[in-house]
Amino acid sequence: MSVETVLNTVRKKQLGQYFTDQRVGRLLAALAGAESAKTIIDPMVGSADLLRSCLSVGARPDRVFGLDLDPLAVAQARAALEGVRCTELVVGDAFSTELPSEQFDLVITNPPYIRYQSKGNVDGISVPSAESVRAGLLRAITNRPDLPDAARGLWTRAARSYPGTSDVAVPAWILSAAMVREGGMLAVVAPQAWLSRNYAHAVRELLDGAFDVEAIVEDGDATWFEDAQVRTQLVVARRRPVAARTAGHSVVRARATRDLDTEGSLRGSLASEAAVATALRAVTASSSTTVTTGLTAHVEHDLSVASSGQTVHVPARVTVAIGTGPAALATRTLASYGWRAGQGLRSGANDFFYVSVVDGVVCPAPRWGVESLPIPPECLLPAVRRQSDLGDHLAVDASLLQSRVVNLRGWVTAADLKRMGSGEVQVLPAAVGRWISQVASTPLSAKDPTKLFPDLAAVATNSKMDRTGRPVRFWYQLPELTVRHRPALLLGRVCGGRPRTYLNPSRTVIDANFSGFWPTEPDAMPAEALLALLNSSWVWANLEATCTVLGGGALKIEATDLRRMALPVLSAEDVAKLSRLGRDAMMEHSGDLQLAIDEVVAGALAPGQWDELRPQRLQALAEQALSHRSRGKWSSRAAGSDVFANRVAATDRWG
Ligand SMILES: C[S@@+](CC[C@H](N)C(=O)[O-])C[C@H]1O[C@@H](n2cnc3c(N)ncnc32)[C@H](O)[C@@H]1O
C-alpha cells in the first residue's frame, strides 16, 4: 500500500468517512419514500452518495442541501450533482454553520461514527471538540424557528443528556431529527448497536417522543460497508407531533443477508430496491416471513426503541429448525435469569498494561526492548487475552496463563511520589519507574508521533488531580477492576470456529477480546447451568443467525447480541440438569454430552411438543451456518490455495 493510500485511509477514518454504497443508499432512499420528497438535506453529505441515491429512486426535489466538513468531499459532491437543479452544497461544520432554517421533507444521512475528543485538526480541517459540538447543537435547536415549543424541550433534553464520550453520530442524529418537518421522514444509516447502547439512549428517547419508526433493516452478514467492523442498520422514521404517539403503530423489522445482493442491487429476486421497499411495507405478519431472496421481515407493534435493546429476537430460520411458530416458543432474556453480559477489560494501551510471565520472568511487550522487569507480584493479575490461551476444557485454568495485567493501583514511581498531593502509596522499583518513563515518552505508533501513551483517550482518564491541582492518580494506574473484568463466564468476541463459552472459576481478568457474563441477582441461574445453556446448539444457531460475519469469515459476537438472545424458559428441574451437564462439560465436552444439553434446551423451548429430531436440526443449522461463513472466507481469498482449503476443513470440524 502506498504512503498516499495509507494517509488517505487515516484521513478518512479520522473524519468518519465511510461512504454509502449506491445500492444501500437506494434501499434507504426508497424506504424513506424519497421519490415524493420535495426538499431533501444531508447535513454530513460526504460525496453526496445518499443524495444521488434519492435521485436514482425517482426524487425530483425543488431543494437539495448538503454540508460537509471536508472540502475535498464537497468538491466530489459538486461534481456528482452537477446539473441537478436547486442544489446547494456547503463546506462547514454541521454544528456551527448556519443551516437552512426551514423544516425538510426528508433528512437522509450516514453520520460519522467517530469520537471527536482527541482530534482537533485533520489534514488542515478543524474538527470541533465534543464540547463545541454540544454547544453548537443546543444553539441550532434554539434557533430553529419552526420547531414547536414541546419539540424544542424534547430536543434540548436530548442534546443536554447524551454522554460526552459518545460518537459524534449521536449529536448528528439529534441535529438531523430537528430538521424534519411534521409528517416528513428521517432516514439514517446506523450501527446495530444504536438500539441498545447506553450512549444512544437520548436518540432513542427522541425517536419515541417525536417519531414513528417505520422500518429497520439490518445488514445481517455485514457486507454493506467494506471496511466497517460493525453491522449496519437502515432506520426510517416519520416525524409526528410530540407526545401524539400513534396507537397500534407498526414497525417493519427486516434482516438482509448477502443473498439480497443481486448484480449490485439489494433487490433479491425483485426488480429494484424500490420494489423491495414496497414489499417490506406490505409485511403485516408478526412472525418472520421471507420478503425476497436474502430478506426476511416481521412486524412489531408499538415498538419502543428506547428499551428495545433488551427484547429477545429469534431469527426465522432458527424457528423453522425448532418446528414451531415464534409465538409457540417459550423464551426469555439473559437478564431475566439474573445475568448480565458485557465486554472485558479495555486497557487503552495493551502494550503497556499487559506483560507475560515465562518461567517466573516478567517480560513486557517486545517493543520496549526490556527483557525482564521487577514488577511486584501483587501488581500482576493473570489474564485471558486470546482464545488460544484457553485449553480443551470449558473452564479457564489460571495456572496455564502467561499473560498478566499490570495493575499499579496504590503504586507510584519515586518521581511521582514527590509530585503527589496525598494518599497511601507504595513506591515501585527503580527499573519499573524507568520503564514507565520510557513508555510515557513513546508514541503509540510511528503514524502519529505526537500521540504519546499517556495521551491515549482511554489512558488519559486514569490521571486524577485533587482539588489543589496535585496528582493523586497517574496514567499508568488502571481504574478499579470490576466484576465485568472478572466475570464468571466468558466467550470470545470474534470466533473463527464454533463460539464456545468457558467457565472462569478463579475470576481471572478477561481482555476486551472477550465478552463476560456475571450474575446480578442473588437468585441468578447457577453458573454451571448457564455454561451448559450457552454451549447448547440452540444458542450457537442463534448466534450464527444474528451476529455479524466479518470479512474473513469469523463471527463477531457483541454483548448486545447476547443481551437480545432468546433463552428457553427452564424449569427448576431443567436448571438442575443443566448444572450437572455444565459441570461434566468442564471436564470433557463429548458429543453425547452435547446431545444431552441440547435435549434439555430444545424440550424447554416448546414444552408439550416433543420432537426428538429437534436437537439434531438445531445442530445441523448451526454447523451449516459455520461452514457457510467459512466457505465465504475461502471464496473471498485466492480460491484453490491448499493451505487455506485445509484451514476451512479444520474449521468445519470446530477447529
Ligand atoms: C459516514 S460519512 C457519510 C457521507 C455520505 N452522507 C454518505 O453516506 O456517503 C460522514 C461524513 O460526515 C462528515 N463530517 C464529519 N464531521 C462533520 C461535521 N462536524 N460536520 C459536517 N460533516 C462532518 C465527514 O467528512 C464524512 O464525509
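Below, each value reflects all heavy atoms present in this structure, side chains not excepted, and no hydrogens, waters or symmetry copies. Just so you know, ligand 1 is whichever comes first in the structure, and atom 1 is the first atom listed for that ligand.
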Heavy atom of Gly25, distance to ligand 1 below 4.0 Å: no
Donor-acceptor pairs are to be reported for all side-chain atoms of residues 66-74 against protein atoms at under 3.5 Å, with residues two or more places apart or in another chain.
from, atom 1, to, atom 2, distance (Å)
Asp68, OD1, Asp70, N, 2.9
Asp68, OD2, Gly46, N, 2.7
Asp70, OD1, Arg11, NH2, 2.8
Asp70, OD1, Leu72, N, 3.0
Asp70, OD2, Arg11, NH1, 2.9
Asp70, OD2, Gln17, NE2, 2.8

Atoms of ligand 1, numbered as shown, that sit under 4.0 Å from any heavy atom of Asp42: 6 (N)
Per-atom contacts, ligand 1 versus Leu50 - under 4.0 Å to a heavy atom: 6 (N), 8 (O)
For ligand 1, the portion of Ala48 having any non-hydrogen atom under 4.0 Å away: neither
Ligand 1 contacted by Pro43 (non-hydrogen, < 4.0 Å): yes
Atom CZ of Arg346 with >12 non-hydrogen neighbours under 6.0 angstrom: no
Side chain, backbone, both or neither: the part of Ala73 lying under 4.0 Å from ligand 1 by heavy atom: neither
Contact check, Thr109 vs ligand 1, heavy-atom distance below 4.0 Å: no
N or O contact, Tyr18 vs ligand 1, cut-off under 3.5 Å: no
Given Arg239, Arg238, Arg240, the one that forms salt bridge (Lys or Arg N to Asp or Glu O under 4.0 Å) with Asp212: Arg240
Short N-O contact, Arg63 and Glu102, less than 4.0 angstrom: yes
Salt bridge (charged side-chain N to carboxylate O under 4.0 Å, His left out) partners of Arg484, counting only residues at least two apart: none
